Student: 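A single structure is presented below for examination.
Just so it is clear, the model here is predicted, and its values are computed rather than measured. Along the sequence shown, the residues carry numbers beginning at 1.
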Amino acid sequence: MLRVAVVGSGPSGCYTAQNLVERHPGVHVDVLDRLPAPFGLVRYGVAPDHEKIKSLQGSLRTVLEHDRVRFLGGVGVGGPDGVPVECLRELYHAVVYCVGAAAGRPLGIPGEELPGSWSASEFVSWYSAHPDAADEGFLREVRSAVVIGVGNVAVDVTRMLMRGAAELHGTDMPQAALEVLTGGGVGEVLMAGRRGPTQARFTTKELRELGHLPGVGVSVDPAELALDPGFVDLSALPAPQRRNAEVLRDWAAVSPPDTDRTIRLRFFLRPVEVLEADGRVGGVRFERTEPDGQGGVRGTGVFEDVPAQLVLRSVGYLGMPPKGLPSDPVTGMVPHLAGRVLTDGVPVPGEYVAGWIKRGPTGVIGSNRSCAKETVTSLLEDAPALESRAVPEDPLPGLRAAGADPVAWPGWLAIERAEAELGASLGRNRVKLSDWDALWAAARSE
């Protein structure tokens with residue numbers, strides 16, 4: 001029998017477990033997660049109003065209910081209160097780390113640490129009910145916000161800032177976040193990118209959603225589109241960039257409707273400082289950029305100050321591997337060869353990675369399938385040697401001895417019931433529990 005631990009119950013972890021049980025008839029997989037609730041990014045990273053993507057939980061659920069897969073929530077790995085990676089090496093023939101890349105990349109500019117300046121990932125975690133993301137007053141006295149970045153996460157947080165109560169009431173968003181977001185305080189969001197619109201990373205589907213928000217106008221400056229060399233001949237652009245450009249061009253061609261709330265899409269603006277007012281964020285100073293003729297941009301020495309009380313940084317992610325694993329000091333990614341963890345260029349027996357911690361924060365959720373397949377192929381090639389090592393018949397006592405108090409699948413089902421009951425009491429559908437005490441109480445009620 002091959003015993004494997006998969007650390008992380010998001011898409012990459014579930015696809016890894018699925019691939020293992022499909023390809024090895026004698027494997028038993030424990031899927032470990034620091035949280036007592038499974039599904040990782042799908043539960044805590046996908047926007048609440050994107051129900052179609054969130055429905056992926058159904059297929060992930062099927063994996064975790066397989067008779068040779070066991071979900072063990074509440075099991076941290078490598079942290080101060082977690083199970084040491086050395087312990088996992090002793091309890092399992094192989095360990096696959098699928099821990100993602102959860103930390104927002106900093107801008108590295110003055111004022112970035114002022115109150116009111118957050119990474120977009122922190123903001124997403126708050127409205128997605130992650131228990132680590134208590135409300136720190138994200139929107140308190142906020143009238144205007146700046147979102148730095150032009151990818152899908154930037155579009156998500158912009159959209160959530162402008163959504164109304166009618167559109168969010170039917171989601172599983174925590175009640176407190178729902179009330180704050182729909183309180184009507186934010187009247188303008190500026191989303192800014194340092195390069196041109198044809199170099200933006202958002203998808204056309206996400207971009208178009210901004211134009212369909214009730215009571216919200218979208219503003220695009222035609223001069224900033226004209227500055228982009230890609231607009232000279234849209235037909236020469238790859239299809240994704242061309243579709244984005246066409247949407248932006250259509251918005252720029254008309255005056256935005258007279259509404260109380262506005263989204264402004266700006267380009268060729270590089271943030272150089274977060275400005276302070278009364279001890280917290282008061283705005284952002286941008287330097288205007290221009291194409292450098294080589295696919296990049298250069299500064300023009302012209303600056304523009306944009307008032308705001310909230311800044312959300314959406315410029316990428318950093319990996320946060322468990323303590324005890326090698327990692328790149330800049331990206332946080334774990335070095336690997338086809339999924340095998342490398343230390344000083346040499347594979348570490350029985351240790352593997354999949355997902356963002358392996359390849360960086362790239363691709364869509366479906367990209368994790370091929371990533372997991374590559375890693376599992378390497379693991380199964382190594383399986384004969386790995387299985388020769390003796391490990392406990394059941395790792396659960398060893399996990400408990402290392403300080404873990406695992407929540408099995410019935411505990412998660414109890415959390416689901418508690419969230420359904422909470423939603424019913426509020427006249428809503430299911431509403432997610434958003435703090436550790438509530439999650440643990442529900443899980444232990446089983």
Side-chain angles (χ1 to χ4, degrees), residues 2-18 20-21 27-44 57 60-61 63-66 68-102 125 129-132 319-325 334 341 350-357 391-416 433 435-446:
L2 177 66
R3 287 207 168 272
V4 179
V6 173
V7 181
S9 66
S12 62
C14 285
Y15 292 148
T16 297
Q18 180 181 35
L20 279 165
V21 295
V27 71
H28 284 254
V29 182
D30 283 348
V31 177
L32 314 180
D33 202 297
R34 186 173 72 92
L35 296 167
F39 310 134
L41 175 67
V42 178
R43 177 174 166 91
Y44 291 113
Q57 289 186 19
L60 302 185
R61 183 188 198 96
V63 176
L64 296 178
E65 289 178 335
H66 192 281
R68 286 187 284 123
V69 175
R70 177 171 60 175
F71 171 72
L72 296 175
V75 181
V77 174
D81 300 319
V83 176
V85 298
E86 295 81 5
C87 179
L88 292 186
R89 292 169 184 157
E90 296 174 359
L91 296 175
Y92 295 91
H93 293 114
V95 184
V96 186
Y97 293 94
C98 307
V99 293
S125 293
H130 196 293
D132 286 344
M320 299 180 66
K323 183 180 178 182
L325 288 185
V334 174
V341 173
E351 290 191 337
Y352 305 85
V353 284
W356 277 10
I357 201 65
V391 299
E393 183 175 345
D394 186 355
L396 195 53
L399 292 173
R400 290 185 173 132
D405 188 10
V407 173
W409 193 249
W412 159 242
L413 297 180
I415 291 173
E416 283 193 310
L433 301 177
D435 65 85
W436 282 106
D437 289 343
L439 284 167
W440 281 116
R444 297 306 180 207
S445 69
E446 181 63 25

Student: Looking at Ile357 and Gly100, what are the two nearest heavy atoms and their distance?
Tutor: CD1-O, 3.4 Å
Student: Atom OH in Tyr97, atom CG in Leu32: separation rounded to 0.5 Å?
Tutor: 9.0 Å
Student: Take a 6.0 Å sphere around CD of Glu393 and say whether it holds more than 12 heavy atoms from other residues, nucleotides or ligands.
Tutor: no
Student: Under a 4.5 Å cut-off applied to non-hydrogen side-chain atoms, are Trp412 and Arg61 in contact?
Tutor: yes
Student: Which pair of non-hydrogen atoms, one from Val63 and one from Cys14, has the smallest distance, and what is that distance?
Tutor: CG1-O, 3.3 Å
Student: So how far is it from Phe39 CZ to Leu60 CG, rounded to the nearest 0.5 Å?
Tutor: 6.0 Å
Student: Apply side chain to side chain contact (heavy atoms under 4.5 Å, CB included) to residues Val7 and Cys98 and explain how you reach the verdict.
Tutor: CA-CA 6 Å; Val7 181; Cys98 307; over 6 Å; no
Student: Can you find a pair of side-chain heavy atoms, one from Val407 and one from Leu72, that are under 4.5 Å apart?
Tutor: no
Student: Any non-hydrogen side-chain atom of Tyr92 less than 4.5 Å from a side-chain atom of Pro392?
Tutor: no
Student: Just how far is it from atom CG of Leu439 to atom CZ of Arg444, taken to the nearest 0.5 Å?
Tutor: 11.5 Å
Student: Would you confirm whether Asp33, through its side chain, and Gly8, through its main-chain N or O, come within 3.5 Å as a donor-acceptor pair?
Tutor: no
Student: A side-chain contact here means heavy atoms from C-beta on lying under 4.5 Å apart; do Pro38 and Arg43 qualify?
Tutor: no
Student: Let me confirm one number: the CG-SG distance from Leu399 to Cys87, rounded to the nearest 0.5 Å.
Tutor: 6.5 Å
Student: Taking 4.0 angstrom as the limit, do Lys323 and Glu86 come out as a salt bridge?
Tutor: no
Student: Answer yes or no: is there a donor N or O on one side and an acceptor on the other, between the side chain of Arg34 and the main chain of Gly74, under 3.5 Å?
Tutor: no
Student: Looking only at heavy atoms, which two atoms of Phe71 and Pro36 are closest? And how far apart?
Tutor: CE2-O, 3.7 Å
Student: Determine, stepwise, if the pair Val77 / Val99 fulfils side chain to side chain contact (heavy atoms under 4.5 Å, CB included).
Tutor: CA-CA 10 Å; Val77 174; Val99 293; over 6 Å; no
Student: For a quick test of reading the model, state the closest non-hydrogen atom pair linking Ala438 to Leu433 and the distance between them.
Tutor: O-CD1, 3.7 Å
Student: Out of curiosity, Asp30 CG to Arg70 CZ, how far, rounded to the nearest 0.5 Å?
Tutor: 4.0 Å
Student: What I'd like to find out is whether the side chain of Glu90 reaches to under 4.5 Å of the side chain of Val391, using heavy atoms alone.
Tutor: no
Student: Please answer whether the main-chain N or O of Val29 pairs with a side-chain N or O of Arg3 as donor and acceptor at a distance below 3.5 Å.
Tutor: no
Student: So, the side chain of His93 versus the backbone of Val4: is there a donor-acceptor pair under 3.5 Å, distance only?
Tutor: no
Student: State, with a plain yes or no, whether a side-chain heavy atom of Val334 is found less than 4.5 Å away from one of Pro321.
Tutor: yes
Student: I need the Leu35 CG to Asp132 CG distance, nearest 0.5 Å.
Tutor: 7.0 Å
Student: Ignoring hydrogens, what is the shortest heavy-atom contact between Gly324 and Val85? Give both atom names and the distance.
Tutor: CA-CG2, 3.8 Å
